[in-house]
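Values reported hereafter were calculated over all heavy atoms of this structure, with side chains retained and with hydrogens, waters and symmetry mates removed. In what follows, chains carry the letters A, B, and so on, assigned in the order in which the sequence lines appear, proteins first and then strands, with residues in each chain numbered from 1.
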Number of protein chains: 4
Amino acid sequence: MQKNKAAEQQGQEEWIAELLTLSEEQKMTPKQLAILQAGIEIFSEKGYAAASTSEIAQRAGVAEGTIFRYYKTKKELLLSIVSPAMAKMIAPFVLRNFGGVLDVPFESYEAFLRAFMVNRLEFARKNFKILRIFVQEIPFQPVLREQFIENVMNNILERVTNITDHFKEKGEVAGVPTPSIIRFTISSVIGYLLARLLLMPDKDWDDEAEINLTIEFMLHGISGPAIRRENQ
Amino acid sequence: MQKNKAAEQQGQEEWIAELLTLSEEQKMTPKQLAILQAGIEIFSEKGYAAASTSEIAQRAGVAEGTIFRYYKTKKELLLSIVSPAMAKMIAPFVLRNFGGVLDVPFESYEAFLRAFMVNRLEFARKNFKILRIFVQEIPFQPVLREQFIENVMNNILERVTNITDHFKEKGEVAGVPTPSIIRFTISSVIGYLLARLLLMPDKDWDDEAEINLTIEFMLHGISGPAIRRENQ
Amino acid sequence: MQKNKAAEQQGQEEWIAELLTLSEEQKMTPKQLAILQAGIEIFSEKGYAAASTSEIAQRAGVAEGTIFRYYKTKKELLLSIVSPAMAKMIAPFVLRNFGGVLDVPFESYEAFLRAFMVNRLEFARKNFKILRIFVQEIPFQPVLREQFIENVMNNILERVTNITDHFKEKGEVAGVPTPSIIRFTISSVIGYLLARLLLMPDKDWDDEAEINLTIEFMLHGISGPAIRRENQ
Amino acid sequence: MQKNKAAEQQGQEEWIAELLTLSEEQKMTPKQLAILQAGIEIFSEKGYAAASTSEIAQRAGVAEGTIFRYYKTKKELLLSIVSPAMAKMIAPFVLRNFGGVLDVPFESYEAFLRAFMVNRLEFARKNFKILRIFVQEIPFQPVLREQFIENVMNNILERVTNITDHFKEKGEVAGVPTPSIIRFTISSVIGYLLARLLLMPDKDWDDEAEINLTIEFMLHGISGPAIRRENQ
DNA sequence: GATGAATGAGAGTTCATTCAT
DNA sequence: GATGAATGAACTCTCATTCAT
């Protein structure tokens with residue numbers, strides 16, 4: 001268990017490191033940064049359609065025309081906010097594929113789940129507002145939907161499928177259809193993130209305990225004290 | 001098992017019956033109905049803020065002014081669509097509390113989960129567009145959020161908590177914090193609904209098998225063939 | 001000469017009659033008429049690009065939004081002003097083709113020239129502002145250019161060519177290329193219209209004398225008293 | 001006839017020479033020249049009001065601000081394009097008045113007309129785009145209009161009046177009001193230029209023949225073979 | 001001298017809402 | 001009850017012009 005934890009911890013930190021390196025590459029003027037920041041805030045507060053460029057300009061402390069020097073249209077501003085975030089979102093999955101040697105760098109499925117949860121929680125915490133915008137707008141922005149399908153389907157899903165299949169062969173995961181396993185797993189993780197960050201952000205959460213509990217649920221279900229006893 | 005199934009089946013049908021009785025009480029003119037219907041469609045297609053009342057009027061086949069005879073504002077139209085649906089949403093949980101006698105009318109936790117899933121799937125299927133609107137707008141409409149918190153917190157959550165605690169005492173559910181169990185359970189159910197109805201509605205779904213699998217996951221997790229074998 | 005004059009007079013009046021019948025067929029609300037009228041004035045005063053819809057609305061005495069109830073765009077308002085005028089412009093030429101019998105209803109080329117000048121002067125006088133807009137915008141509005149080419153090339157030019165060729169055969173017109181004759185003729189007529197209505201509208205014009213003179217020029221040139229004497 | 005031709009040819013070339021000497025007097029930086037050139041192109045393509053200074057800057061390959069170093073306003077750029085061209089336009093007429101001796105340096109009115117046409121065609125060909133801008137903008141720019149009236153009325157018209165009166169006395173031109181003669185003459189010339197350069201620039205023109213024909217028209221009209229025969 | 005980021009007034013257009021019919 | 005013409009505020013976006021660098 002100690003070894004596992006160390007490995008996970010390491011996996012997690014690598015992921016985060018990769019995220020960070022991706023993000024600060026573009027040089028922006030302070031005004032552009034202010035516009036982007038104001039856009040994130042107002043889009044996430046009111047939704048894209050109900051946000052007005054004049055309010056964004058005001059919050060950013062620039063003239064309204066300045067927004068349109070950097071972004072030709074309001075929609076381009078939206079995409080400039082969300083698209084890079086989507087790239088960062090898949091970064092930890094994509095970058096793994098290079099470097100090679102070990103394609104599944106996790107000791108156990110549990111280790112994977114833990115690293116996954118910790119990483120996603122960290123990501124969601126850092127990009128909370130952008131994620132909100134993303135989730136709100138994906139039904140209405142075909143461009144976003146296409147990017148999402150392409151990225152998630154061709155990167156994340158494939159990668160998670162590989163990992164899951166790997167541990168299925170090792171007997172750590174039940175011999176049921178992988179898509180169902182993944183759906184169930186992702187539901188549980190996202191369910192936690194939503195409760196944690198969106199529904200009850202002010203509750204006094206013990207993240208480590210809740211993550212452990214959620215992993216327990218995913219691995220052994222909620223059905224009772226016998227199983228419980230074995231694992232706690 | 002057979003007996004269980006019959007019971008669940010019955011439970012489910014009762015719930016549906018209750019839903020129906022709630023809905024047709026208001027008398028509406030055909031125009032008002034057309035407006036409501038058009039509102040549902042256009043709000044769910046474009047989102048509330050991006051939908052225009054003139055388009056709704058056109059789709060409904062009425063004059064623009066007619067909408068405002070029935071609904072003072074565009075927002076009132078939105079609420080007239082979503083609020084009743086929210087009432088219907090909690091109906092199966094609320095009505096139970098009357099009639100009394102048996103507060104937990106399920107043979108087992110598994111029976112409850114199955115009834116719950118079947119019922120929610122049915123409900124989501126029937127009210128898909130309204131649910132979309134609801135989910136889209138709840139972050140931006142305080143009125144909706146209040147209604148939701150009040151209804152869900154004070155009705156559904158309380159009731160589900162009761163049921164869960166009941167089976168926790170019976171030993172069918174693990175002795176961990178009930179809120180975590182509920183969060184996990186609801187995540188799994190909603191995850192299935194989303195995949196089923198929103199993400200991949202065109203896939204060839206075997207609902208019964210997927211529901212069984214999801215219940216298996218919820219009860220015993222994904223951790224492997226040994227546990228699997230015991231339960232199937 | 002007396003007979004000629006009568007015939008011309010008659011031809012001219014028919015043309016005018018035809019013009020009038022074409023114009024008042026559409027029913028318009030007073031507001032729409034005011035918008036159209038204001039559009040004509042302001043477009044002709046400032047040019048299309050430099051005219052603002054807000055100024056048009058103000059001059060028309062309506063709200064700015066009202067313009068866009070009747071005309072989806074500013075450009076549509078422009079075309080709604082100019083296109084019908086173009087139809088009216090070719091009306092006297094088009095309608096001739098029906099009724100048949102006599103395709104060239106003029107006693108002499110001189111009679112034709114006189115009827116043509118009188119008719120065009122009348123038309124230009126009545127539609128001065130619209131013609132200004134038309135001339136100003138035709139280089140920049142492909143739609144206008146297409147309409148103009150189609151109408152003028154396929155209707156007016158063909159018709160005038162027929163008439164000219166007719167009198168060429170009769171020996172009233174020199175045996176030189178018809179296009180050159182037409183170009184020269186139209187230049188002279190338009191030159192008069194421009195001087196008369198645009199360049200020096202305030203001069204004290206004797207239209208009949210100037211028209212006679214211009215016809216003299218077209219028929220016999222400016223070269224001297226001998227020729228002059230023969231014809232006056 | 002041979003002699004005439006030589007004289008005209010000479011007259012024409014003198015005029016052109018005068019034009020050239022006028023033009024290269026101002027010293028301009030390459031950037032300013034580029035701005036001027038880009039201004040000419042874009043103003044003539046889109047019209048003054050619809051042209052944007054940013055597009056001009058782009059086409060000129062300079063920064064937006066640079067335009068305003070050389071020309072305080074967009075309108076000043078316009079005038080800097082059109083005004084010098086207007087000066088060049090009247091140059092051949094103005095300069096004649098100096099040097100004196102012979103105020104009417106043409107053997108015949110026909111020689112004058114030919115020299116006039118050839119010269120104007122040459123001028124229009126070389127300054128086509130600027131002339132377009134000039135014609136488009138003169139209705140909307142009082143400054144231009146004043147310059148034009150002053151120059152044309154006080155220089156060209158006076159001079160052409162002198163020439164025409166001279167040949168009227170000699171009996172080469174009919175004894176009708178000079179303004180009408182000039183109007184008619186200029187209409188015919190401009191009509192040719194427009195057809196030649198604007199309406200059908202791609203047609204295969206035989207300029208010499210068309211000019212001869214136009215002069216024929218101006219001198220003897222279009223009225224028939226008898227007159228024709230006398231003059232050809 | 002040249003730049004181009006920044007401005008803000010004003011452009012065309014949309015839209016929820018009103019009200020006379 | 002139902003209409004749809006009319007509104008005017010607010011929207012996104014453009015552009016001539018300024019000015020610190």
message = If I take atom CD1 in residue D:Ile35 and atom P in nucleotide E:dT3, what distance separates them, rounded to the nearest angstrom?
response = 8 Å

remark   = Which of E:dA11, F:dT3, F:dA16 is nearest the side chain of C:Ser52? It is E:dA11

query = Is B:Ala51 touching bases, backbone alone, or none of the nucleic acid, heavy atoms closer than 4.0 Å?
reply = sugar-phosphate

message = Of the listed nucleotides (E:dA16, F:dT17, E:dT7), which one gets closest to any side-chain atom of B:Thr53?
response = E:dA16

inquiry  = Surrounding CD of A:Gln58 (heavy atoms of other residues, nucleotides or ligands, distance under 6.0 Å), is the total greater than 12?
reply    = no

ask   = D:Ile56 CD1 to F:dA16 P: how many Å, rounded?
value = 8 Å

message = Mind checking if D:Thr73 touches a base, just sugar-phosphate, or nothing, with heavy atoms under 4.0 Å?
response = sugar-phosphate

message = Between A:Lys75 and B:Val62, which residue's closest nucleotide on DNA chain F lies nearer the 5′ terminus?
response = B:Val62

query = Which whole-number value in Å describes the distance from C:Tyr71 OH to F:dA6 P?
reply = 12 Å

message = What is the separation between atom CD on D:Gln58 and atom C1' on F:dT14, rounded to the nearest whole Å?
response = 15 Å

task = Return the value, rounded to whole Å, for the distance between atom CZ of B:Phe68 and atom C1' of E:dC15.
result = 9 Å

key: Residues B:Ser80 and B:Tyr70: side-chain donor-acceptor under 3.5 angstrom   = no

ask   = For the residue pair A:Lys74 and A:Phe68, what are the closest heavy atoms and their distance?
value = N-CE2, 4.1 Å

key: Pairwise 5' ranking along DNA chain E for D:Ile67 and B:Gly65, keeping only the more 5' one   = D:Ile67

ask   = What are the two closest heavy atoms between D:Ile67 and D:Ile35, and how far apart are they?
value = CA-CD1, 3.9 Å

Residue whose closest nucleotide on DNA chain F lies nearer the 5' end, C:Tyr70 versus A:Lys74 = C:Tyr70

query = Counting only side-chain N and O atoms of D:Ser54, is one of them less than 4.0 Å from OP1 or OP2 of F:dC15?
reply = no

message = Expressed as a whole number of angstroms, how long is the span from C:Lys72:NZ to E:dT13:P?
response = 11 Å

inquiry  = Going by purine N1 to pyrimidine N3 plus the second Watson-Crick contact, or the G-U wobble pair, all under 3.5 Å, which nucleotide sits opposite E:dA2?
reply    = F:dT21

ask   = Can you find a side-chain donor-acceptor pair between B:Gln32 and B:Tyr71 that sits under 3.5 Å?
value = yes

ask   = Has D:Arg69 got a side-chain N or O lying under 4.0 Å from the OP1 or OP2 atom of E:dA2?
value = no

key: Listed nucleotide nearest any side-chain atom of D:Lys31, set E:dT3, F:dT17, F:dC11   = E:dT3

ask   = In whole angstroms, how far is the P atom of F:dA6 from the CE atom of C:Met28?
value = 13 Å

For atom CD of A:Glu64 and atom P of F:dA10, their distance in whole Å = 13 Å

